[in-house]
> 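Got a structure for you, questions after.
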Amino acid sequence: MDNQDNGKDNGATRILSTGVPGLDSVMAGGLTSERLYLVEGEPGTGKTTFALQFLNEGVRQGESVLYITLAETATELRAVARSHGWDMAGIHIEEIIPDEATLDPDQQYTIFHPSEIELGSTTQRILAAIAAVKPTRIVLDSLSELQLLAENALRYRRQVLALKQYLASRRCTTIFLDDRTALSGDLQVRSVAHGVIALELLEQAYGNERRRLRVVKYHGIAFRGGAHDYTIKMGGLVVYPRLVAADSRTSTRRRQLSSGLAPLDALVGGGLEEGMSTLIAGPPGTGKSTLAAQFVHAACRRGEPCAMFLFEESSNNLRNRAENVGLDLNGPIAAGLLTIQQIDPAELSPGEFSQAVVDAAAREARVIVIDSLNGYLNAVPDERFLTTHLHELLTYLGQRGVVTILVGVQQGMLGTNMTTAVDASHIADNVILLRYFEAQGEMRQAISVFKKRGSAHERSIRGFGIGRDGIEVGPALSGFRGILTGVPAYDNDNLGFGGAGDGGARG
């Protein structure tokens, strides 16, 4: 369920948009109205920004909204809003912060404990503000102040329960913010809140910090569990829901997409099928990226949209190299058929990358290239879950009928013991293998299809080269034995294809 419309009926209540589309998707449409929610996270996770998005969405819907602040001043809140380009005109701010008079020793309490006076006074001001504004959306920032004033867990819990009952009677949808700076490990509000959203800030050894969101609980709603990446940008929080391929299962008829080269099509059994993923693996310099660009070039010539995501090479370098071998990528870019996005693994979270790929598929891209898996590995710091991330992404694209091409760089140049940082051969539907081999004092190249699920394919190992006229796929290297070892033996002078002038392909 992915409904973001404010005010959708859900029995006697409604579903309200949070103002964050990605979070609405995670929470099956948004927040059930007239309920109490807890948003918790350490300072810097974006709680205030999210709260302002929630209230701004209410203003956009013509609702009366109220921000009750026990910590930040109204001036500070307006500064946050300005940094995101928001207008605070429709948001009522009730500032309940001790003034400078409390610093005067003559104003200190001597008979009564401060909490006995200040908690009651704070509560009265909160209730008076709600009665005056009559809001439908409220944010209380933050619970740490109430918790410290209450001093003990029993008094704090009773205060929260009383507020919850009062707000329910006023038909308010309320968000309590908790910065976790008071009593550590306290779960009082979690137990009474209708829903709990936890924001996390993860420090990285290198690169930008990562932010993740979890819906800890949401009564009566089948929300999307697990961790979801999010970022804070100009305009507020942007949530990237965890990709679940099962949510988009479809059955489509698959066509074969030609590479534009008859010998290459013959090798792969006629072309690459829609909805299938292909891994192009080989050591550096064998022409993997160029081979992937060949399929993109052919698709664009047919008028089919494509997208390429580059982790290790700049878009400019790729386009120049492609042009040098007769592959025009600039024309399709100008025509809007091709998008090339250069990815910085240190700055992009896995969820954000997955969302970028999903958006490309939503724009009807028929061929999507991820170059390379090694760069993708760097974008997923926790290697244990890389295969799961990749499986969900490939399954989703397959269900959308996309031809997905993955480039995998193998470590080492010759021999059968070359390894990859991540083995995706068992996940990909097809595997095309590029190799160097030595013959008559020259380094030559070979291409073969390791596996293909969509159709039958040739079992032969063919010569491979890249020159100014583009990619050339030669006849089978029938005169050799042990090509995959890199140092084959040959029985005659039938070298097949691939002389010294094959253009110095870079993969």
Side-chain angles (χ1 to χ4, degrees), residues 1-4 21-28 212-213 215 222-231 238-255 257 272-280 292 295-296 299 304-311 338-341 343 345 348-373 375-377 379-380 382 384-408 422-431 453-454:
M1 179 178 179
D2 185 7
N3 173 54
Q4 299 169 14
L23 181 57
D24 287 346
S25 178
V26 169
M27 303 189 73
R212 294 191 307 189
L213 173 151
V215 178
F223 61 89
R224 185 174 300 184
H228 310 273
D229 289 321
Y230 74 96
T231 57
V238 180
V239 176
Y240 308 100
R242 181 174 59 84
L243 187 61
V244 180
D247 293 344
S248 60
R249 284 180 179 161
T250 58
S251 178
T252 59
R253 187 175 181 179
R254 292 169 175 167
R255 300 178 299 134
L257 300 186
L272 300 182
E273 285 77 16
E274 290 180 322
M276 294 286 186
S277 58
T278 301
L279 171 64
I280 301 176
F295 283 97
V296 169
E304 298 169 349
C306 301
M308 303 181 75
F309 297 90
L310 310 180
F311 282 91
L338 174 62
T339 60
I340 300 179
Q341 183 172 346
I343 305 297
L348 195 70
S349 66
E352 189 172 358
F353 171 68
S354 294
Q355 188 62 50
V357 177
V358 167
D359 290 343
R363 295 192 298 268
E364 304 299 328
R366 306 315 304 151
V367 178
I368 292 179
V369 175
I370 300 175
D371 184 0
S372 67
L373 280 180
Y376 181 65
L377 172 64
V380 184
D382 195 341
R384 293 176 301 163
F385 303 110
L386 175 62
T387 302
T388 304
H389 274 279
L390 192 59
H391 178 269
E392 287 294 316
L393 186 59
L394 295 181
T395 302
Y396 175 85
L397 294 174
Q399 291 167 174
R400 295 294 297 261
V402 176
V403 173
T404 308
I405 299 176
L406 309 171
V407 174
V422 55
D423 182 14
S425 59
H426 64 290
I427 299 177
D429 299 302
N430 315 316
V431 177
R453 290 175 178 162

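This chain uses plain numbering: 1 for the first residue, then up along the sequence. Because only heavy atoms are used, hydrogens play no part in the values below, and waters and symmetry mates are left out as well, while side chains stay in. Since this is a predicted model, take the numbers as computed values, not measurements.
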> With a 3.5 Å cut-off and no angle check, do the side chains of Y240 and T231 form a donor-acceptor pair?
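Distance-only check passes for Y240 and T231.
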> Can you name the nearest heavy-atom pair linking Q341 to A356, along with the distance?
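That would be OE1-CB, 4.1 Å.
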> Residues two or more places apart in sequence or in another chain: which of them pass salt bridge (charged side-chain N to carboxylate O under 4.0 Å, His left out) with E304?
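So E304 forms a salt bridge (charged side-chain N to carboxylate O under 4.0 Å, His left out) with R255, R302.
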> Between M308 and D371, is there a side-chain heavy-atom distance shorter than 4.5 Å?
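Of all side-chain heavy-atom pairs linking M308 with D371, none is under 4.5 Å.
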> Any non-hydrogen side-chain atom of I405 less than 4.5 Å from a side-chain atom of L272?
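Heavy-atom side-chain distance check passes, below 4.5 Å.
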> Under 4.5 Å between any side-chain heavy atoms of F353 and I370, yes or no?
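Side-chain contact under 4.5 Å: yes.
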> Which heavy atom of E273 sits nearest a heavy atom of V403, and at what distance?
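Shortest heavy-atom contact: O-CG2, 3.5 Å.
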> My understanding is that only residues two or more places apart in sequence, or in another chain, count here; which of them pass ring pair (Phe, Tyr, Trp, His ring centres under 6.0 Å) with F223?
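Counting only residues at least two positions away or on another chain, F223 forms no ring pair (Phe, Tyr, Trp, His ring centres under 6.0 Å).
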> Measure the CD1-OG distance between I343 and S372 for me, rounded to the nearest 0.5 Å.
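I343 CD1 to S372 OG: 12.0 Å, rounded to 0.5 Å.
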> Which residues pass the side chain to side chain donor-acceptor pair (under 3.5 Å) test with T339, sequence neighbours left out?
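Checked T339 against side chain to side chain donor-acceptor pair (under 3.5 Å); zero matches.
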> Return the minimal non-hydrogen interatomic distance between G22 and P241, and the atom names on each side.
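The pair with the smallest heavy-atom distance is O-CG, 3.5 Å.
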> If only atom types and distance count, is the side chain of R366 paired as donor or acceptor with the main-chain N or O of G401 below 3.5 Å?
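A pair under 3.5 Å: yes.
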> If the condition is side chain to side chain donor-acceptor pair (under 3.5 Å), which residues does S277 pass it with, not counting sequence neighbours?
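S277 satisfies side chain to side chain donor-acceptor pair (under 3.5 Å) with D429 once adjacent residues are dropped.
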> Does a side-chain heavy-atom distance below 4.5 Å link P305 with R363?
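P305 does not reach R363 side chain to side chain.
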> Could you work out, with side chain to side chain contact (heavy atoms under 4.5 Å, CB included) as the rule, every residue matching E392, not counting sequence neighbours?
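For E392, the residues satisfying side chain to side chain contact (heavy atoms under 4.5 Å, CB included) (neighbours in sequence not counted) are A245.
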> Over all heavy atoms of both residues, which pair between A292 and I280 is shortest? Give the atoms and the distance, please.
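In terms of heavy atoms, the two residues are closest at N-CD1, 4.0 Å.
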> Just jot down the side chain to side chain donor-acceptor pair (under 3.5 Å) partners of Q355, sequence neighbours excluded, or say none.
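By the side chain to side chain donor-acceptor pair (under 3.5 Å) rule, Q355 matches D359.
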> What's the separation between atom NE2 in H389 and atom CZ in R242, rounded to the nearest 0.5 Å?
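Interatomic distance, H389 NE2 to R242 CZ, rounded to 0.5 Å: 9.5 Å.
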> Could you tell me which non-hydrogen atom of R453 sits nearest to which non-hydrogen atom of I427, and how far apart they are?
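Shortest heavy-atom separation between R453 and I427 comes out as NH1-O, 3.8 Å.
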> So, for I368 and A361, which heavy atoms are closest and what is the spacing to 0.1 Å?
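Closest pair (atom of I368, atom of A361, distance): CD1-N, 4.1 Å.
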> Flag the pair R224 / V215 as yes when at least one side-chain heavy-atom distance between them is below 4.5 Å, and no otherwise.
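Not touching, per the 4.5 Å side-chain cut-off.
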> Determine, step by step, whether L394 and L406 satisfy the side chain to side chain contact (heavy atoms under 4.5 Å, CB included) criterion, reporting the C-alpha distance in whole Å, the side-chain angles of both residues, the deciding distance to 0.1 Å, and the verdict.
CA-CA 10 Å; L394 295 181; L406 309 171; 3.9 Å; yes
> Flag the pair V402 / Y396 as yes when at least one side-chain heavy-atom distance between them is below 4.5 Å, and no otherwise.
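V402 does not reach Y396 side chain to side chain.
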> Are the side chains of L390 and L373 in touch, meaning some heavy atoms are under 4.5 Å apart?
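Yes; the side chains approach each other to less than 4.5 Å.
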